[in-house]
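Note sheet for the following structure.
First the proteins, then the strands, lettered A, B, ... as listed; each starts at 1.
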Amino acid sequence: MPEVLKAPLVVEFPFTRSLGPVQSAFLTGLRERVVLGVSTRDGRTLVPPVEYDPVTAEEIRDLVHVGITGTVTTWAWNHEPRRGQPLDTPFAWVLVKLDGADTALLHALDAPGPDAVRTGMRVRIRWAEERCGAITDIACFEPYDGDDSAVTVHAGEFEDPVHGIVAQARLDYTYSPGRAQAAYINALAEHRAVGERCPACRKVYVPPRGACPTCGVATSEQVEVGPAGTVTTFCIVNIKAKNLDIEVPYVYAHIALDGADLALHGRIGGIPYDQVRMGLRVEPVWTEGGRFPDHFRPTGEPDAQYETYKELL
Amino acid sequence: MMREIAVIAFAQSDTLRSTAEVSEVEMLMPVLHDVVAQTGLKTADIGFTCSGSCDYLAGRAFSFTLALDGVGAWPPISESHVEMDGAWALYEAWTKLLSGDADTALVYAYGKSSPGSLRDVLTRQLDPYYVAPLWPDSVALAALQAQALIDAGDTDEPELATIGARSRATDNPRAQLKGPVPQGDYLVRPLRTGDCPPIGDGAAAVVLAAGERARELCERPAWIRGIDHRIEAHSLGVRDLTDSPSTRLAAERAGAFERPVDTAELHAPFTSQEVVLRKALRLDDSTRVNPSGGALAANPMMAAGLARIGEAAARIHRGESDRALAHATSGPCLQQNLVAVLEGDPR
Ligand SMILES: [Zn+2]
């Protein structure tokens, strides 16, 4: 079996999310070292608070100030903290029912070891030194024997309330393209283009993805195509992409490689952008050490007749 | 009278820790061909196609559209997708057949967990305001549930070990973990590696057919007598983690409690979750639970729930069961649950 191609793939996004009035009050409260819950009509206090009663779906807005001490309702010892988790030393995940609350909040408990943790133990919030209005304003919980529960109605009004959070996400993957695409990528590195022919409809797919989308069967017969091809259609790009050092305007085109039944896309170079046309004959250009063509340039042949590529538009 | 709808074929891939040498569609296609071939149909004969998968596993948007290449989606087909386990795709297909819009449906699901770090990936399904920023991983959340069960006296660590061992004592050739597997060290206490599902890549597919069409295409169709799915509050702290009222309600609506079932295929990725489900579904020792090994033997994300329905149906096809319950779950700590009741014709 040929070597499996692999490359790191990072998916990272800062999701900006807006907060409703209850979430805003809760997270602003954390910034001010105050914990707010919300009261349901039947008298339960939900912490963390939500805007709609999870049982009745009724809108709820009455904020209640609950304690910063509470009781562990269940726990799990995490001896190997993972990236992004609240503590980088071993800790317990805990659900904590804060004094005055009827539901539990998920967070981390800083404790010396699993023997120091039990359901029913008393804990207190340890605040983060720098707080911005996020759940991480609670650095973690810590064991606590005292009692400073103070439960009062709170207007939930603060100066400069937090209206949104940025939910950072980062996931790391190892991308593998699979059999068909790996063969295509490997051939490109040798300055060749290969497609795969469908055993049923005989179409040659470039780049191959391993299946004929029309027939729903595996494409297995490898076919050498190109290297030259025909521009079937194109567009002129006028906006410079981030981290891309190609001057605008430039042309991005669909190119039907000779012998292929599907056009692939690529950038056209070596010709002024306003002279690119349908039917233009082009060939791939590899840069020094490049594993794939950097762009396509005119071959100098006469243009292809429309009849020869109209099925590939 | 509602239309009678049956599962008439089931196929699945091996579940493997890594399938880097094939793309998703390359992994999926043999399963699709297998399941359709069992019915004698051609893909073009299928009235409706529905799939379940998740972009976060691959780290690519609209990844399901590439998998669609495997079904031959041209000329245009009637097709849909759920960003969920394929069991929910099956539910959608079932409603489509009920409506009379189609007589047959292909349902497939696949997931490759190997490209990413599954425990981290699954944190992205959590509440983004209060929970996801803490990155509690799937094992940690299941461990909180397990400890709640232990505190409530519903189970203990030795019983959990027994569940893991029984699940992996399966002869299912598609399973990833089979035979004696050490209970292992704590992953997140109280859960040990043996209490947790293997991480694997795999695919599953079923074909549904309505009424007489099902009888024509399958010797002993697995009739779906009832199917229902329910969801619980997103916030874990609102829920009683030792119970699964959503499973109980779905089972009730699916008719599971009307008569005993001889087989139950439960999607319980963690040993502790089988304890919760057995209680919610009122299963005793007269029901054979997870002869396939369940999710503890193979847990291809997004396909494992559909595989439970497929496994239950296949036992009816083979005459090894007359009335089976299939369950699928999604989300942390059994947040969402689907229950189907399948029956074969009397023999
Ligand atoms: Zn074809």
Side-chain angles (χ1 to χ4, degrees), chain A residues 1 4 6 9 11 15 17 19 23 27 46-48 50 54-55 73-79 82-86 93-97 103-108 114 119 134-136 165 167-169 171-182 209-218, chain B residues 19-27 29-30 32-33 43 56 58-60 66 68-75 114-117 119-121 123-124 128-137 140-148 151 186-191 232-238 241:
Chain A
M1 191 186 293
V4 172
K6 285 180 182 167
L9 170 70
V11 175
F15 227 128
R17 312 190 77 108
L19 304 172
Q23 289 177 318
L27 292 178
L46 311 181
V47 180
V50 290
V55 178
T73 64
T74 186
W75 61 283
W77 185 255
N78 189 31
H79 64 87
R82 301 169 72 81
R83 185 184 72 199
Q85 295 183 342
W93 287 107
V94 281
L95 280 168
V96 175
K97 205 177 268 192
T103 62
L105 173 83
L106 178 76
H107 221 293
T119 297
I135 192 66
T136 45
I165 59 163
Q168 293 286 357
L171 296 170
D172 289 81
Y173 298 90
T174 302
Y175 178 70
S176 291
R179 180 197 58 78
Q181 293 188 83
R209 295 207 302 246
C212 173
T214 310
C215 306
V217 295
Chain B
T19 52
E21 70 286 357
V22 290
S23 67
E24 279 141 321
V25 67
E26 288 166 343
M27 176 179 77
M29 220 167 1
L32 295 172
H33 294 169
T43 44
Y56 276 81
R60 293 199 313 283
L66 297 179
L68 202 55
D69 284 355
V71 300
W74 187 267
S114 58
S117 167
R119 287 170 70 181
D120 297 327
V121 167
T123 62
R124 299 303 92 190
Y129 302 98
Y130 303 153
V131 182
L134 306 174
W135 291 83
D137 60 280
L141 297 175
L144 287 168
Q145 185 173 33
Q147 185 63 46
D151 286 335
Y186 287 120
L187 219 46
V188 179
R189 183 173 169 172
L191 293 180
E232 291 176 36
H234 206 169
S235 176
L236 289 171
V238 170
L241 296 179

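- Here A:Ala104 is the residue among A:Ala104, A:Pro177, A:Pro114 with the most heavy-atom pairs under 4.5 Å with chain B.
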Where do B:Glu24 and B:Arg60 land on the side chain to side chain contact (heavy atoms under 4.5 Å, CB included) test, with the steps shown first?
CA-CA 12 Å; B:Glu24 279 141 321; B:Arg60 293 199 313 283; 3.0 Å; yes

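- With a threshold of 4.5 angstrom between heavy atoms, A:Asp172 approaches chain B through N, CA, C or O but not through any side-chain atom.
- B:His234 contributes no side-chain N or O that, together with a main-chain N or O of A:Pro54, makes up a donor-acceptor pair within less than 3.5 Å.
- For A:Ala169, the parts lying near chain B are the backbone and the side chain together; criterion is any non-hydrogen pair under 4.5 Å.
- Of all heavy-atom pairs between A:Ile165 and B:Pro128, the closest is CD1-O, 3.6 Å.
- For chain B, the option among A:Thr103, A:Thr214, A:Thr136 with the highest count of heavy-atom pairs below 4.5 Å is A:Thr214.
- Side-chain N or O atoms of A:Thr73 include none that pairs as donor or acceptor with a backbone N or O of A:Val96 at under 3.5 Å.
- Contacts of B:Ala58 with chain A are made by backbone atoms alone, with heavy-atom separations under 4.5 Å and no side-chain atom involved.
- Looking only at heavy-atom pairs under 4.5 Å with chain B, the residue among A:Gly210, A:Ala211, A:Gly84, A:Ser176 that has the most is A:Gly84.
- Using a distance-only test at 3.5 Å, with no hydrogens or angles considered, a donor-acceptor pair links the side chain of A:Thr74 to the main chain of B:Leu144.
- In this structure, the portion of B:Leu141 lying under 4.5 Å from any heavy atom of chain A is its side chain and not its backbone.
- Both the backbone and the side chain of B:Val238 come within less than 4.5 Å of a heavy atom in chain A.
- For A:Leu106, the parts lying near chain B are the backbone and the side chain together; criterion is any non-hydrogen pair under 4.5 Å.
- Proximity to chain A (any heavy atom under 4.5 Å) is restricted, for B:Leu241, to the side chain, taken from C-beta onward.
- A salt bridge links A:Arg82 to B:Asp120: one of the charged nitrogens lies within less than 4.0 Å of a carboxylate oxygen.
- Interface residue B:Asp151: only side-chain heavy atoms are found under 4.5 Å from chain A.
- With a 4.5 angstrom heavy-atom cutoff, B:Ala132 does not touch chain A via any of its atoms.
- Ranking B:Ala148, B:Pro115, B:Ser23, B:Gly116 against chain A, the residue ahead of the rest is B:Pro115, based on heavy-atom pairs under 4.5 Å.
- For A:Pro86, the parts sitting under 4.5 Å from any heavy atom of chain B are the backbone and the side chain alike.
- The parts of A:Ala180 that come within reach of chain B are both its backbone and its side chain, each placing non-hydrogen atoms under 4.5 angstrom from that chain.
- A donor-acceptor pair under 3.5 Å links the side-chain atoms of B:Glu26 to the main chain of A:Arg179, judged by distance alone.
- Between chain A and the options B:Arg119, B:Met27, B:His33, the largest number of non-hydrogen pairs under 4.5 Å is found for B:Arg119.
- A donor-acceptor pair is defined here as one N or O able to donate and one able to accept, closer than 3.5 Å; no such pair exists between the side chain of A:Gln181 and the backbone of A:Arg209.
- Heavy-atom distances place the backbone of A:Val94, and not its side chain, under 4.5 Å from chain B.
- Comparing B:Ala233, B:Ala142, B:Gly59 by heavy-atom pairs within less than 4.5 Å of chain A, the highest count is held by B:Gly59.
- In this structure, B:Trp135 CH2 and A:Gln168 CD are separated by 9.5 Å, a value rounded to the nearest 0.5 Å.
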Let's go through B:Leu134 and A:Trp93 carefully: what are the C-alpha distance in whole Å and the side-chain angles of both, what is the deciding distance for side chain to side chain contact (heavy atoms under 4.5 Å, CB included) to 0.1 Å, and is it a yes or a no?
CA-CA 10 Å; B:Leu134 306 174; A:Trp93 287 107; 4.2 Å; yes

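- Looking only at distances, a side-chain donor or acceptor of A:Tyr173 sits under 3.5 Å from a matching main-chain atom of B:Tyr56.
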